[in-house]
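For reference, the structure discussed in these notes is given below.
In the text below, chain A, chain B and the rest are named by the order of the sequence lines, each starting its count at 1.
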Amino acid sequence: MDKKELAGFLEEIATLLELKGGNPFKCNAFRNAARAVENLDKPLSAFKSPKDFEQVKGIGKSIAEKIINAVETGRFAYYESVKSSIPSGLVEMLKIPGLGPKKVRAVYDRLGIYTVGELEYACRENRLKDLPGFGIKTQENILEGIELLKRSRGRFHIHEARHVAQVFYDDLVKLPSVTSIAIAGSIRRFKETIKDIDLLVSSSKPEEIISRFVSQSLVNDIILRGETKTSVRLITGISVDLRVVSQEEFPFALMYFTGSKEHNIAMRGRAQKLGFKLNEYGLFERNSTQSIKLKTEEEIFKHLGLDFIPPELREDRGEISAAEKKPLPKLVCLDDLRGVFHIHTNYSDGIPTVEKYIHDAMQRGWQYIGISDHSQSAYYANGLSPDRVKQQIREIDELNSKYKEFRVFKGIESDILPDGALDYPEEILSLFDFVVVSVHSKFKMTEEQMTDRIIRAMRHPRTTMLGHPTGRLLLARDGYDLDMDKIIDAAARNNVVIELNANPFRLDLDWRYIKKAVEKGVLISINPDAHRLGNMDYAELGVGLARKGWCEPRHILNCLNVSEVEKILDRSKSG
DNA sequence: GCCGTTTTCGGCCCGACTGTTTTCAGTCG
């Protein structure tokens, strides 16, 4: 059992206890313990007895004993007993928007309903409207929620959400009564997938803002409409929340609506300890109703004794205590990039020619690109035979003579074969400036087999970089089973760079592991995995995720200039 | 169930909106 699994059990216990109608504070205690486990900086094996766990804030005697038992036996006995006492369909019902534990409980107790399907049928038969606390409207909302649940899994890729958010932003920013406007929420924090879009506006005329907002052409229906808070759902199913506040409240609201929820809870706890109350309207001395006048988020953090915490870090994963002790890292920016690697051309499954990419990169002010088409086994992607490798290398050599101020690094994305070998013999591999190694086949290996396979490829002296390390496709496919800690250790040992694949359907390596990797001294390369010119824009998403992984420019391969990159590539080439 | 620089008992983050009520519970973020 690992930390993630253990945290998952604790989280689910909290949910199950809520459904049972347990003490809400007790439920919360399990939820807090889940977060504490997730954020442990030592492996579970370092905790030998309940006493060790009790040292962790948020874990007390009772939960510590349950955890140690689970870790030792591999079975979470308490979880199993709670789970078996509740029909599993009730948990599924919680996913319906507008349905919480109390209402699910009521439906179950009074109507004996314990699946989403039955619930839908009961709504259509008008059986919910007479329950206490329910009515016609509640019943309709539940039906709509079920429809929505069926239609989509309720999350969206970040590039799509950013695009939509920008459309609303551009529309509202034109209104003269808007004094400040920001895209907040998980987009601002750069989460890899997005549930909904949060917009924040300060204005003296909220009604004007709100009526413009709800009449936007992308809007399908209005979920709620109040004086300051409005939610709409778009045709694509994504929902957009708008809050309108005064200019004095704006920095506090921006902080609040940027989240994360866990970060906010921790911040309010900190404020409380220091004798303040913090909410979306201000920062108040105890017993005062007058907010302290602060103009920016920076000032709020400062008032609470903290360095400014960039939005990407606000996940309650150690950023608050880090900001308390010393200045936070100076995170990488788009302007820090000097070039990108992992680009596919018309030689394999990309569309543009090498030269088109050169022009595109030069326009961005970059000094180099690294071409890496698919290797010969990737027949589905028109992988390069040895002859075509040589042909491309000749072409790149010519282009390098033609564009003296620019550099094209010659590379390949070599399949990692099932046994961990690379996809060309040494005589071909030695022609490249760099080699990206990636898994494109046989995804279903066991964790041990897959980990060994990849580590073997990383040990190859010609390997420069590990491509899309987990193979996940966001909202579509989980990554292959892998021991990522071992992979990161192997990268550190073998001087292998790990790719942060910036394609929005991948965003792989996951930001939670990026932080771990850079802490171990592994270099990260922000790669667009481009197949067309527009994909070069993915670099910006990659930078966002790198920031989320606490990366500074010094942690990123493609923040180095040409001669520094050459040194790194030579070093990894010679092993 | 957890926690403690007022506390080993009595709190536990906080507010908007909706739909149900006729002052409030539930849900959500």
Taking atom [atom1] in both [N] and [M], compute the distance separating them and give it to the nearest angstrom.
N: B:dT27; M: B:dT20; atom1: P; answer: 13 Å
N: B:dT18; M: B:dT23; atom1: C1'; answer: 15 Å
N: B:dG11; M: B:dT6; atom1: C1'; answer: 13 Å

So what does A:Ser231 touch, heavy atoms closer than 4.0 Å: a base, only the sugar-phosphate, or nothing? nothing

Base, sugar-phosphate, or nothing: which does A:Gly58 touch, judged by heavy atoms less than 4.0 Å apart? sugar-phosphate

Is it true that the side chains of [X] and [Y] contain a donor and an acceptor less than 3.5 Å apart?
X: A:Arg233; Y: A:Ser239; answer: no
X: A:Thr179; Y: A:Ser202; answer: yes
X: A:Ser321; Y: A:Glu324; answer: no

Strand partner of B:dT8, provided both Watson-Crick or wobble distances fall under 3.5 Å: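 For B:dT8, the partner nucleotide comes out as none, under the 3.5 Å rule.
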
Would one find a side-chain N or O of [X] under 4.0 angstrom from OP1 or OP2 of [N]?
X: A:Lys273; N: B:dT6; result: no
X: A:Ser260; N: B:dG29; result: no
X: A:Ser62; N: B:dG1; result: yes

Among [options], the one nearest [X] by side-chain distance:
X: A:Asp196; options: B:dG15, B:dG29, B:dG1; answer: B:dG29
X: A:Lys195; options: B:dG29, B:dC13, B:dA16; answer: B:dG29
X: A:Arg243; options: B:dG29, B:dC14, B:dA16; answer: B:dA16

Tell me the ring-ring contact (aromatic ring centres under 6.0 Å, His included) pairs involving residues 34-87 of chain A, sequence neighbours left out? A:Phe9-A:Phe76, A:Phe9-A:Tyr79, A:Phe30-A:Tyr78, A:Phe47-A:Phe53

Which pairs count as ring-ring contact (aromatic ring centres under 6.0 Å, His included) when at least one residue sits in residues 258-300 of chain A, sequence neighbours excluded? A:Phe276-A:His303

Syn or anti for B:dT5, given that syn means the glycosidic angle lies within 90° of 0? anti

Please report the distance, rounded to the nearest Å, between [atom1] in [X] and [atom2] in [N].
X: A:Asn32; N: B:dC3; atom1: CG; atom2: C1'; result: 11 Å
X: A:Leu99; N: B:dC28; atom1: CG; atom2: C1'; result: 13 Å
X: A:Leu10; N: B:dG1; atom1: CG; atom2: P; result: 13 Å
X: A:Leu94; N: B:dT27; atom1: CG; atom2: P; result: 9 Å

Would A:Ile223 and A:Val232 count as a side-chain contact (heavy atoms from CB on, under 4.5 Å) if you check the C-alpha gap in whole Å, the side-chain angles of each, and the deciding distance to 0.1 Å? CA-CA 5 Å; A:Ile223 302 166; A:Val232 297; 5.8 Å; no

Hey, is CZ on A:Arg512 packed in by over 12 heavy atoms from elsewhere, all under 6.0 Å?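 Yes, enclosed.
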
side-chain contact (heavy atoms from CB on, under 4.5 Å) with A:Gln290: which residues, sequence neighbours excluded?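 A:Ser288, A:Lys293.
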
List, with names and distances, any nitrogen or oxygen atoms from the protein found under 3.5 Å away from nitrogen or oxygen atoms belonging to nucleotides 7-10 of chain B.
none

Among residues two or more places apart or on two chains, list those pairs meeting side chain to side chain donor-acceptor pair (under 3.5 Å) that have a residue in residues 84-113 of chain A. A:Lys20-A:Ser85, A:Glu92-A:Lys95, A:Arg105-A:Asp109

Can you find a donor-acceptor pair, distance only, under 3.5 Å between A:Tyr281 side chain and B:dG15 base? no

Heteroatom pairs (N/O) under 3.5 angstrom, protein to nucleotides 18-20 of chain B:
from   : atom 1 : to       : atom 2 : distance (Å)
B:dT18 : OP1    : A:Arg225 : N      : 2.9
B:dG19 : OP1    : A:Asn141 : ND2    : 3.4
B:dG19 : O3'    : A:Thr138 : OG1    : 3.1
B:dT20 : OP1    : A:Gly135 : N      : 2.4
B:dT20 : OP1    : A:Gly135 : O      : 3.1
B:dT20 : OP1    : A:Ile136 : N      : 3.4
B:dT20 : OP1    : A:Thr138 : N      : 3.4
B:dT20 : OP1    : A:Thr138 : OG1    : 2.9

